[in-house]
K.L.:
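The structure's right below; bear with me while I get my questions together.
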Amino acid sequence: MSNVPFLDLRVLDDDERREIIEAVDDVLRHGRILLGPEVGELESRIAARTGRTYGVGCNSGTDALIIALKALRIGPGDEVIVPALSFIATANAVALVGATPVFADIGDDLNISVASAERLITPATRAIIPVHWAGLPCDMDALCALAQQTSLHLIEDGSQAFDASYAGRKTGSFGTIGCFSMNSMKGLASLGEAGMLVCDDPDIHDRCVALRYHGLANREYCVDLAQNSRLDTIQAAVLLVRLDRLDDLVEKRRRNAAALSARLDNHVKVPRESAKARHVYYTYTIQSDRRDELRDFLTDVGIETKIQHPLLMPQHPIYVDRAKGEWSNADALIKRVLCLPSNEKITAGQLDRVSDAVCAFYDA
Ligand SMILES: *Cc1c(COP(=O)(O)O)cnc(C)c1O
């Protein structure tokens with residue numbers, strides 16, 4: 001029997017492939033290759049969709065975070081609180097602007113613990129970066145209240161949660177700036193590297209636009225120090241096609257997640273939405289006390305799984321000797337997490353194979 005793949009980046013839908021080829025063909029014909037009209041259209045549409053005034057396209061989610069931090073003038077001497085569990089880019093963005101990442105513990109929902117973040121605030125703290133982990137929005141009521149009381153910036157890392165919402169508001173709309181990755185693995189995915197930040201303040205917007213391209217306020221007038229982080233026009237054209245298809249993709253992922261949870265709830269801890277949060281299931285992440293055994297069992301029957309991630313950010317060699325913060329619950333949880341295949345391309349038959357295999361493992 002063939003494997004059940006965790007992720008499949010081929011474009012197999014004929015309509016989608018044709019629409020993408022036509023969109024790229026349009027760019028080839030108009031020839032405005034760098035920051036062409038598709039970039040501006042995508043920025044407006046993402047801003048509107050997230051309920052923001054401005055969008056600024058850039059070439060990765062990592063660069064969106066770096067630009068956001070620099071736009072808020074966060075740098076050496078400043079501390080920024082990040083969850084201990086995230087893709088390493090979240091901490092690296094903070095360190096790359098010269099600030100210190102301070103690692104907060106996570107709750108059982110795998111998102112930042114607001115109580116832990118609060119304990120870690122010092123006079124040097126400038127911002128908190130909540131990561132909407134695996135597609136589930138963080139507790140934004142508590143985070144917004146904390147940010148307001150303490151006059152800290154929230155910079156949302158919505159890289160895994162584009163189009164997720166909390167109390168009816170989209171992720172990316174809560175903080176001073178919202179950041180998204182649109183690399184080819186993310187929910188709203190380009191065919192390469194891409195990112196976007198969203199905000200409402202016109203001055204912050206103008207600084208972000210300059211920081212996206214060498215700190216140039218206009219073509220020949222440099223006001224800040226920055227690299228080249230422009231969003232590619234061809235990727236923006238691809239993203240516009242995929243934005244129109246996003247509702248369908250999210251619905252499929254939510255349906256797959258519901259089907260898995262209905263079967264697996266007795267055996268493992270399944271992901272759950274809170275009353276206010278709408279999950280987009282970037283990954284379908286379960287928790288199991290026999291994670292490693294379960295993973296080996298699934299591999300043997302041809303089911304690909306993923307551990308997102310085996311190391312917490314403060315445990316990587318680059319941080320391990322100097323990491324500040326607390327992460328005991330995160331350390332316990334990363335030994336239990338396992339992501340099962342549940343993406344939108346998976347067939348009903350494959351989804352049954354996944355649940356059958358997990359049930360067989362526990363019933364044995
Ligand atoms: C993917 C990801 C990033 C980095 O995005 P890139 O576009 O790959 O640079 C940052 N944070 C989180 C939580 C991510 O999942």
Side-chain angles (χ1 to χ4, degrees), residues 6-7 9 39 42 46 55-70 80-97 101 103-104 106 109-112 127-138 143 154-164 171-172 174-175 177-198 208 211-212 226-232 235-236 238-239 242 253 271 279-285 306-314 316 318-319 330 333-334 337 339 343:
F6 187 75
L7 196 62
L9 297 185
V39 174
L42 184 70
I46 300 266
V56 179
C58 44
N59 69 349
S60 71
T62 310
D63 279 14
L65 289 166
I66 290 173
I67 291 169
L69 289 159
K70 287 168 111 178
V80 176
I81 297 172
V82 299
L85 176 65
S86 182
F87 177 53
I88 196 68
T90 311
N92 283 359
V94 174
L96 280 165
V97 301
F103 300 97
I106 59 173
D109 63 353
L110 307 179
N111 275 331
I112 190 166
I128 301 172
I129 305 184
V131 176
H132 306 298
W133 185 244
L136 177 69
C138 297
L143 281 163
L154 287 182
I155 301 171
E156 293 173 75
D157 183 347
S159 294
Q160 301 186 3
F162 183 78
D163 230 39
T171 55
F174 293 88
I177 303 178
C179 298
F180 299 103
S181 166
M182 290 159 185
N183 80 28
S184 50
M185 291 176 19
K186 298 289 154 67
L188 175 60
S190 65
L191 290 170
E193 307 284 357
M196 176 80 61
L197 58 86
V198 291
C208 290
L211 287 163
R212 163 172 75 181
Q227 293 174 233
N228 177 4
S229 302
R230 288 183 296 196
L231 172 60
D232 194 280
Q235 296 304 343
V238 171
L239 285 163
R242 290 209 156 150
R253 289 188 178 189
H279 202 319
V280 291
Y281 295 101
Y282 169 68
T283 57
Y284 181 86
T285 306
K306 185 171 151 188
I307 296 171
Q308 187 190 333
H309 297 278
L311 277 187
L312 299 172
M313 295 197 293
H316 284 260
I318 187 74
Y319 297 114
L333 288 171
I334 57 158
V337 294
C339 310
N343 69 71

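Remember, it's a predicted structure, so these values are computed and weren't measured experimentally. Counting convention: from 1, in listed order, for ligands and their atoms alike. FYI, side chains are in, hydrogens and waters are out, and symmetry mates aren't considered; it's all heavy atoms of this structure.
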K.L.:
Apply side chain to side chain contact (heavy atoms under 4.5 Å, CB included) to C138 and list each qualifying residue two or more places apart in sequence or on a separate chain.
P.N.:
N111, I112, P130, H132, M140, L143

K.L.:
Side-chain contact, heavy-atom cut-off 4.5 Å: L197 with F180?
P.N.:
no

K.L.:
With a 4.5 Å cut-off on side-chain heavy atoms, are L65 and I155 touching?
P.N.:
yes

K.L.:
Output the list of atoms in ligand 1 that are nearer than 4.0 Å to some heavy atom of T90, sorted by atom number.
P.N.:
11 (N)

K.L.:
Taking only non-hydrogen atoms of S86, do any sit less than 4.0 angstrom from ligand 1?
P.N.:
yes

K.L.:
Could you tell me if any non-hydrogen atom of K186 lies under 4.0 Å from any atom of ligand 1?
P.N.:
yes

K.L.:
Does any part of the side chain of F87, heavy atoms only, come nearer than 4.5 Å to the side chain of V131, both counted from C-beta?
P.N.:
no

K.L.:
Can you report which non-hydrogen protein atom sits closest to atom 15 (O) of ligand 1, along with the distance?
P.N.:
Q160 NE2, 2.9 Å

K.L.:
What distance do Y284 atom OH and R253 atom CZ have between them, rounded to the nearest 0.5 Å?
P.N.:
14.5 Å

K.L.:
Given T62, D157, I88, which has its nearest heavy atom closest to atom 11 (N) of ligand 1?
P.N.:
D157

K.L.:
Tell me whether W133 has any N or O atom under 3.5 angstrom from an N or O of ligand 1.
P.N.:
no

K.L.:
Does ligand 1 have a heavy atom under 4.0 Å from the side chain of S60, from its backbone, from both, or from neither?
P.N.:
both

K.L.:
Would you mind finding which of S159, C58, G61, A134 brings a heavy atom closest to atom 3 (C) of ligand 1?
P.N.:
S159

K.L.:
Who's the nearest protein heavy-atom neighbour of atom 8 (O) of ligand 1, and how far?
P.N.:
N183 ND2, 3.0 Å

K.L.:
Atom CG in D157, atom CD1 in I128: separation rounded to 0.5 Å?
P.N.:
14.0 Å

K.L.:
Got a sec, which residues hit side-chain hydrogen bond (donor to acceptor under 3.5 Å, both in side chains) with D232, two or more places apart in sequence or on another chain?
P.N.:
none

K.L.:
Please state which part of V131 comes within less than 4.0 Å of ligand 1, counting heavy atoms only: side chain, backbone, both or neither.
P.N.:
side chain

